[in-house]
Amino acid sequence: MSAELAQSAVIVRNRSRPAEGETAASPAGPAPPGTAVRLPPSLPIPSYRQTLRFVSKPLDFHLSGARTLGDVWAVKIVTRDVPIAVTCHPDHVKSLFVADPADAPSLTGDSPLRPILGPTSVLTLVGDQHMRLRKLLLPPFHGEAVARYVEMISEVTERELDSWPVGRPFALAQRMQAITMDVIMAGVFGVACPPRQGTAEYRMRQTFSRLMRISAHPLWALVELRNARRIQARGVLRATLAVVDRQIYGAIARRRAQQARSDRTDILSLLLEVRDEDGKGLTDAELRDQLLTLVLAGHETTANTLAWTFERMLRTPAAYDRLHELVRSDDEGADEYIEATIHEGMRMRPVVPLLARLVKRPWQLGEYVVPANTPVAISVLALHHREDIYPDPYTFRPERFIETKPGTYTWIAFGGGIRRCLGAELAKAEQRVVLRALARRIDLAVVDPADEGARQRNVTMIPRKGGRVVVQSKRAG
Ligand code: HEM
């Protein structure tokens with residue numbers, strides 16, 4: 001455990017909490033008319049330091065808030081006019097997830113990613129338009145639909161593992177990204193993996209990688225929408241987006257022309273067929289925004305989640321050995337342990353550590369009441385480290401999820417309510433395949449036994465060094 005986290009751990013443990021497994025109820029939701037505003041306390045450090053901490057020490061940013069101020073606190077980020085209320089209480093989470101969408105819309109509507117993803121992206125739309133798109137997009141992401149991709153994920157994974165060097169350290173996140181990018185290109189566009197050099201698909205993959213690099217700056221997450229639009233209007237981002245548009249519209253046109261081939265199961269082909277209640281399908285512009293959203297939302301998140309899980313597990317030999325043992329002996333408990341490992345990895349290191357809503361009415365958060373139009377953020381990370389919900393929260397222990405399903409409002413690594421991650425089943429399918437294949441074939445070790453810190457990459461929290469590992473030995477596929 002890093003010194004930064006050790007300090008948080010000690011203090012969180014010392015806070016007075018209800019008995020193990022019990023969380024004291026806390027009233028939350030739209031405040032009755034006439035309720036006086038009572039703002040949560042702010043961290044006693046200047047806003048520039050809070051901003052710096054958010055960008056460069058996200059673990060500390062989240063955990064020190066809960067450590068010093070309890071369930072709710074306020075944060076001031078230099079690039080934003082209004083302070084943000086942050087909560088980590090499951091009752092408050094529930095109030096925001098089940099709220100009427102008009103009362104607590106997602107703040108992604110204001111996201112700096114909006115100019116990149118496009119005005120009709122399901123990720124950044126709010127209200128009725130969001131619900132229409134979400135319904136249209138859901139079918140290709142159901143469990144059964146995702147099951148069709150498992151073989152392809154397996155092939156991509158085995159090929160990638162074949163190429164891993166023995167005895168030479170590398171960052172897992174990058175290698176995982178090679179897998180998740182191939183999976184998303186195959187799943188979304190039906191592209192052969194890996195795409196052949198010189199093909200339109202190959203060029204599209206290169207452009208997506210370039211776009212990811214450009215939009216990855218940690219400060220991008222802090223930029224307000226109006227400034228993001230100004231940045232986008234200039235230079236390299238604008239030029240890259242022009243190429244993205246040309247390539248995606250090209251792929252849509254080619255697929256429309258081949259649409260008679262109804263056996264295709266890639267997401268683009270399925271989306272060309274969907275119709276809403278009025279019989280209306282998606283326009284090309286809407287398709288472009290969704291396809292780009294799926295690629296950008298779907299591959300770095302999964303890759304870094306996998307990197308984090310190994311970063312944690314390799315520093316907990318009991319868990320790593322157990323996984324190896326169960327998988328290598330074909331034990332019937334292996335599937336359950338893999339599932340529990342995925343949940344535990346995402347509990348300790350949720351790559352989306354903050355979910356933001358904008359309350360449109362005065363909102364009660366325990367003993368506090370924030371005024372209408374306050375951004376309210378849920379600290380997924382602080383919620384996942386509550387000792388009353390997760391005893392010994394700083395220990396990586398998949399066993400806590402054996403025979404216990406993650407709670408709807410206490411385990412929220414994929415968000416919740418009407419904004420819950422559309423790709424959750426796909427992301428979990430990828431993790432299952434990769435965890436099993438690695439446990440079967442590869443013996444990994446850490447390069448540096450000290451914990452890796454975290455850093456912010458756009459809206460995600462990633463391992464500072466990408467999850468550095470070394471392959472000690474490898475079995476054939
Ligand atoms: C481990 C990997 C992933 C994690 C941790 C993750 C996490 C999340 C979270 C927390 C949200 C909700 C954001 C909010 O409430 O503000 C979200 C939304 C979303 N995710 Fe994921 N995601 C992952 C993988 C994927 C994949 C593979 C795809 C698609 C291929 C995807 C597509 C989406 C979309 C489209 C939304 C927007 C849903 C909506 O607003 O209705 N994600 N994701």
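Just so you know, residue 1 is the first one in the sequence shown, and it goes up from there. Whatever order the structure lists them in is the order used to number ligands and atoms, beginning at 1. What's counted below: heavy atoms across the whole structure, side chains too, no hydrogens, waters or symmetry copies.
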May I have a table of the N/O to N/O pairs between ligand 1 and the protein that fall below 3.5 Å, each row giving the two atom names and the distance to 0.1 Å?
residue, atom, partner, partner atom, Å
ligand 1, 15 (O), R357, NH1, 3.4
ligand 1, 15 (O), R357, NH2, 3.2
ligand 1, 16 (O), R357, NH1, 3.4
ligand 1, 40 (O), H130, NE2, 3.4
ligand 1, 40 (O), R419, NE, 2.9
ligand 1, 40 (O), R419, NH2, 3.1
ligand 1, 41 (O), H130, NE2, 2.7
ligand 1, 41 (O), R134, NH1, 2.7

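Put simply, the residue from L271, D266, T265 that forms a side chain to side chain contact (heavy atoms under 4.5 Å, CB included) with S269 is D266.
If you take CG on L383 and NE2 on H89, they are separated by 9.5 Å, rounding to the nearest 0.5 Å.
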For this session: Step by step, work out the side chain to side chain donor-acceptor pair (under 3.5 Å) result for D289 and T120.
Result: CA-CA 6 Å; D289 292 355; T120 72; 2.8 Å; yes

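Between E158 and R440 there is a salt bridge, since at least one side-chain N of the basic residue sits less than 4.0 Å from a carboxylate O of the acidic one. Using a 4.0 Å cut-off between charged side-chain N and carboxylate O, R132 and E286 make a salt bridge. The residues E344 and R347 are annotated as salt-bridged, a charged nitrogen and a carboxylate oxygen being separated by less than 4.0 angstrom.
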